[in-house]
Amino acid sequence: MSSLRTSNAATLEESAHSDPNLADIRRRALAGERLSIDDGLALYESPDLWGVCTIADEIRRRLHGRTTYFNINRHLNYSNVCALSCKFCEFYRKRGDDGAYERSLDEIREEARGAMEAGATEMHIVGGLHPYLPFDYYTDMMRAIREEAPTLHIKAFTAVEIVHLAKIAKVHKRDDPAAGIRSVLERLKEAGLGSLPGGGAEVFDDRIHDEAFKGKIRSDVWLDVHRVAHELGLNTNATILYGHIDNRRERLIHMDMLRGAQDQALSRLGYAADVAGAITLTGAGAELPTPAMSDRGGYFQTIIPLPFIPDGSELEHLPGPSGLENLRTIAIARLMLDNFPHVKAFWIMQTLAMAEFQLCAGADDLDGTVVWYDITKVGGASTHQETTVWDLQKAIRDAGLDPVERDTLYRRVERKGAQWRLAE
Ligand code: V47
């Protein structure tokens, strides 16, 4: 803590000096070298938290300067009915339970129209694994939003939902899951799906899977869904849900698996790998992937570290990660995920005040105006969890950074009130 209080005035070298390990990690990170899991552990165990954050900030500034993205979006949960009962989840209900809901297509149309009229650029849609809704409900949902709000980008369905939809659509094959995944993604894309969010990844580890979210797809299938999406030219995001029954090494292995998957995506885009097969974007002069490359494939845009929110879940007796652990984890995600262009602070789960810190520790993106959010509710919040553009911009400026509005694919947006267009 003492370095956190005093190091604002310190130079980077002085800051990194308080833990001799950091100077070497910093040198290698800045040279665009891939950090190992042991490096990640050294960052987690370093007594100099602010030194760790400062190195992450230096990498983030190399990639984005002072530019800090935010977006005007709406989250929509079409149903909380779920066949699974994950222990960390407060959101799911069983059919017939108090509070179980399914949104009708008319309600979704209305929500989409309202979002477009308010100037949103994105609709982020996820739900439970609903046992009875037919596959047409999902493609009709995409088409209804397309018709009602053609300017909204539809970012929808976690990898877990995609596999569930393959089963509902009766195209899932046990011996060839990728074929069913491809068929579903093609049909959803044709109906209007624009990209996949990063949810449902949790922690890529069989022990944690079996203890906390048994029944959900495992890491190999989650990664398959994102690979197939990339092959179809869809960009996707990734998450890690940490701070419950996981340990720090398991988080680092998760990050390592994600960057391996991104190596594959970037190599499809024509990026050259080093002798160990790694493609990093953090060295001097590396070019970030852009949506213009999507004829060659999609890629992971952003990592969103999600701190476990115990409230109301079966794991409510656990304390959840501390604010300092959240800060450290976002900084480490920036340093380990050397081939992810962006690191997102999701203020709903971090609080806006903590998210501001995170912008100084590796994050370059703040999601978003949100409006409705049912999956987690910190400290008794309701589903109406909205912030204003003014507040997002203020948080970014207060961190000494420059707010830039983006669309879902990280293209700059020019805006006059609710009217917007992509910058030239
Ligand atoms: O899939 C569930 C997680 C995810 C809890 O892609 C929990 O841009 C913390 O994925 N505590 C949904 N996390 C959120 C998500 C997301 C959010 C913002 C942006 C993007 C993006 C993706 O939240 C779920 C699950 O992994 N989750 N319960 C909990 N108690």
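In what follows, residues are counted from 1 in the order of the sequence shown.
A salt bridge between Arg34 and Asp274 is absent, with no side-chain N of the basic residue lying under 4.0 Å from a carboxylate O of the acidic one. Using a 4.0 Å cut-off between charged nitrogen and carboxylate oxygen, Glu111 and Arg103 do not count as a salt-bridge pair. A salt bridge between Glu45 and Arg248 is absent, with no side-chain N of the basic residue lying under 4.0 Å from a carboxylate O of the acidic one. Asp391 has no carboxylate O lying under 4.0 Å from a charged side-chain N of Lys394, or vice versa, which leaves the two without a salt bridge. Using a cutoff of 4.0 Å between basic side-chain nitrogens and carboxylate oxygens, Glu211 and Arg207 are scored as salt-bridged.
Contact between Ser46 and Leu22 at its shortest, heavy atoms only, is OG-CD1, 3.8 Å. Contact record, Asp367 with Trp347: O-CD1, 2.9 Å, taken as the closest heavy-atom pair.
Within the 4.5 Å cutoff, side-chain heavy atoms of Met293 are placed close to those of Tyr271. In this structure, the side chains of Ile240 and Leu306 stay at 4.5 Å or more apart for every pair of heavy atoms. Contact check for Leu324 versus Leu49: side-chain heavy atoms found under the 4.5 Å cut-off.
Listed for the Arg62 side chain is no donor-acceptor partner under 3.5 Å among the backbone atoms of Asp57. Between the His254 side chain and the Thr239 main chain, a donor and an acceptor come within less than 3.5 Å of each other. Listed for the Ser313 side chain is no donor-acceptor partner under 3.5 Å among the backbone atoms of Glu90.
Counting only residues at least two apart or on different chains, the side-chain hydrogen bond (donor to acceptor under 3.5 Å, both in side chains) pairs with a member in residues 189-203 are Arg143-Glu190, His153-Ser195, Glu202-Lys216. Sorted by first then second residue, the salt bridge (charged side-chain N to carboxylate O under 4.0 Å, His left out) pairs that include residues 345-354, not counting sequence neighbours, number zero. Sorted by first and then second residue, the side-chain hydrogen bond (donor to acceptor under 3.5 Å, both in side chains) pairs with a member in residues 278-291 form an empty list; sequence neighbours excluded.
When the shell of 6.0 Å around OH of Tyr132 is examined, it contains 12 or fewer heavy atoms from other residues, nucleotides or ligands. Lys94 NZ: more than 12 foreign heavy atoms inside a 6.0 Å radius. The 12-atom threshold is exceeded at CD of Glu414, counting heavy atoms of other residues, nucleotides or ligands nearer than 6.0 Å.
If you take CD on Glu314 and NZ on Lys87, they are separated by 5.5 Å, rounding to the nearest 0.5 Å. In this structure, Ser219 OG and Asp206 CG are separated by 6.0 Å, a value rounded to the nearest 0.5 Å. Atom CD1 of residue Ile55 and atom CD1 of residue Ile25 lie 7.0 Å apart, to the nearest 0.5 angstrom. Interatomic distance, OG of Ser322 versus CZ of Arg328, reported as 9.0 Å (0.5 Å rounding). Separating the OH atom in Tyr299 from the CZ atom in Arg268 is a distance of 13.0 Å, to the nearest 0.5 Å. Remark: Phe70 CZ to Thr387 OG1 distance equals 11.0 Å, nearest 0.5 Å.
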Full working for side-chain hydrogen bond (donor to acceptor under 3.5 Å, both in side chains) between Thr68 and Arg60: CA-CA 10 Å; Thr68 305; Arg60 171 258 204 260; 2.6 Å; yes
Audit row: Asp364, Val343, side chain to side chain contact (heavy atoms under 4.5 Å, CB included) steps and yes/no: CA-CA 6 Å; Asp364 62 280; Val343 175; 4.2 Å; yes
Test log, rule ring pair (Phe, Tyr, Trp, His ring centres under 6.0 Å), inputs Phe340 and Phe300: CA-CA 6 Å; Phe340 273 55; Phe300 287 106; 5.2 Å; yes
Evaluation steps, side chain to side chain contact (heavy atoms under 4.5 Å, CB included), between Ile245 and Leu318: CA-CA 9 Å; Ile245 58 165; Leu318 298 177; 4.0 Å; yes
Trace of the side chain to side chain contact (heavy atoms under 4.5 Å, CB included) decision for Leu409 with Glu122: CA-CA 10 Å; Leu409 303 177; Glu122 167 186 288; over 6 Å; no
Side chain to side chain contact (heavy atoms under 4.5 Å, CB included) evaluation trace for Thr121 with Glu405: CA-CA 10 Å; Thr121 57; Glu405 186 184 343; 3.9 Å; yes
Chi angles and distances behind the salt bridge (charged side-chain N to carboxylate O under 4.0 Å, His left out) call for Asp210, Arg218: CA-CA 9 Å; Asp210 292 353; Arg218 287 182 193 269; 3.0 Å; yes
Glu231 vs Arg182, salt bridge (charged side-chain N to carboxylate O under 4.0 Å, His left out): CA-CA, chis, key distance, verdict: CA-CA 9 Å; Glu231 285 168 3; Arg182 181 176 298 274; 2.5 Å; yes
Candidate pair Asp24 and Arg28, rule salt bridge (charged side-chain N to carboxylate O under 4.0 Å, His left out), full reasoning: CA-CA 6 Å; Asp24 178 51; Arg28 287 186 284 114; 3.2 Å; yes
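Aromatic ring orientation, His64 versus Tyr69: perpendicular (interplanar angle above 60°, classes split at 30° and 60°). Ring geometry for Tyr138 against Tyr78 counts as perpendicular: the plane angle is over 60°, on a 0 to 90° scale with 30° as the lower cut.
Tested against Met336 for a side-chain contact (heavy atoms from CB on, under 4.5 Å), the candidates Leu258, Ile303, Asp256, Leu35 yield a single pass: Leu35. The side-chain hydrogen bond (donor to acceptor under 3.5 Å, both in side chains) test with Asp365 singles out one residue from Arg406, Gln358, His342, Gln301, and that residue is Arg406.
Ring centers of His75 and Phe346: under 6.0 Å apart, within the cut-off.
There is a side-chain donor-acceptor pair under 3.5 Å between Glu161 and Thr158. Remark: the Gln262 side chain and the Asn339 side chain contain no N/O donor-acceptor pair separated by less than 3.5 Å. No side-chain donor from either of Thr329 and Asn326 sits under 3.5 Å from a side-chain acceptor of the other.
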